[in-house]
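Everything on this sheet refers to the single structure shown next.
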Amino acid sequence: GLDQLSVLGSADVMDPSSYFTSESVVAHEIYGHVAPYVLNRKVCGDAPSGTLGDNVCSVRRENKIRKEAGMPVRLYY
């Protein structure tokens, strides 16, 4: 969650007020959930708050978009 933001190596610390943008929400919902189901009938679900992002299918997919857009990756769900 937002209370668990962390430093990305030597990168910037994410600002909670700008962490969730319309772009990140679209990336998460469409690329994280809808695309896997439409393309492969695979359900990429969410997880309990605080789960490491690498352990959550929808967050792993969201982070691909974040990286391409130059946004900080999401570390936790």
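All residue numbers in this chain count up from 1 along the given sequence.
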Do V56 and R74 come within less than 4.5 Å of each other through their side chains, counting heavy atoms only?
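No, their side chains stay 4.5 Å or more apart.
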Does the side chain of N63 come within less than 4.5 Å of M71's, by heavy atoms?
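Sidechains of N63 and M71: no contact.
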Does any N or O in the side chain of [X] come within less than 3.5 Å of the main-chain N or O of [Y], such that one atom is a donor and the other an acceptor?
X: R60; Y: D54; value: yes
X: H33; Y: V43; value: no
X: R66; Y: P72; value: yes

Measure the spacing between SG of C57 and CD of E62 and express it to the nearest 0.5 Å.
11.5 Å
Could you measure the distance from the CD atom of E29 to the CG atom of D46? Nearest 0.5 Å is fine.
7.0 Å
Kindly work out whether a path of hydrophobic side-chain contacts (I/L/V/M/F/W/Y, heavy atoms less than 4.5 Å apart) joins [X] to [Y].
X: I30; Y: V38; value: yes
X: V25; Y: I65; value: no
X: Y31; Y: V26; value: no

With a distance cut-off below 6.0 Å to the six-membered ring centre and an angular limit of 45° from the axis, does R41 pair with Y37 as a cation-pi contact?
yes
For a quick test of reading the model, state the closest non-hydrogen atom pair linking S58 to G45 and the distance between them.
OG-O, 3.1 Å
Identify the heavy atoms of T51 and P48 that sit nearest to each other, and give their distance.
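Heavy-atom minimum between the residues: OG1-O, 2.7 Å.
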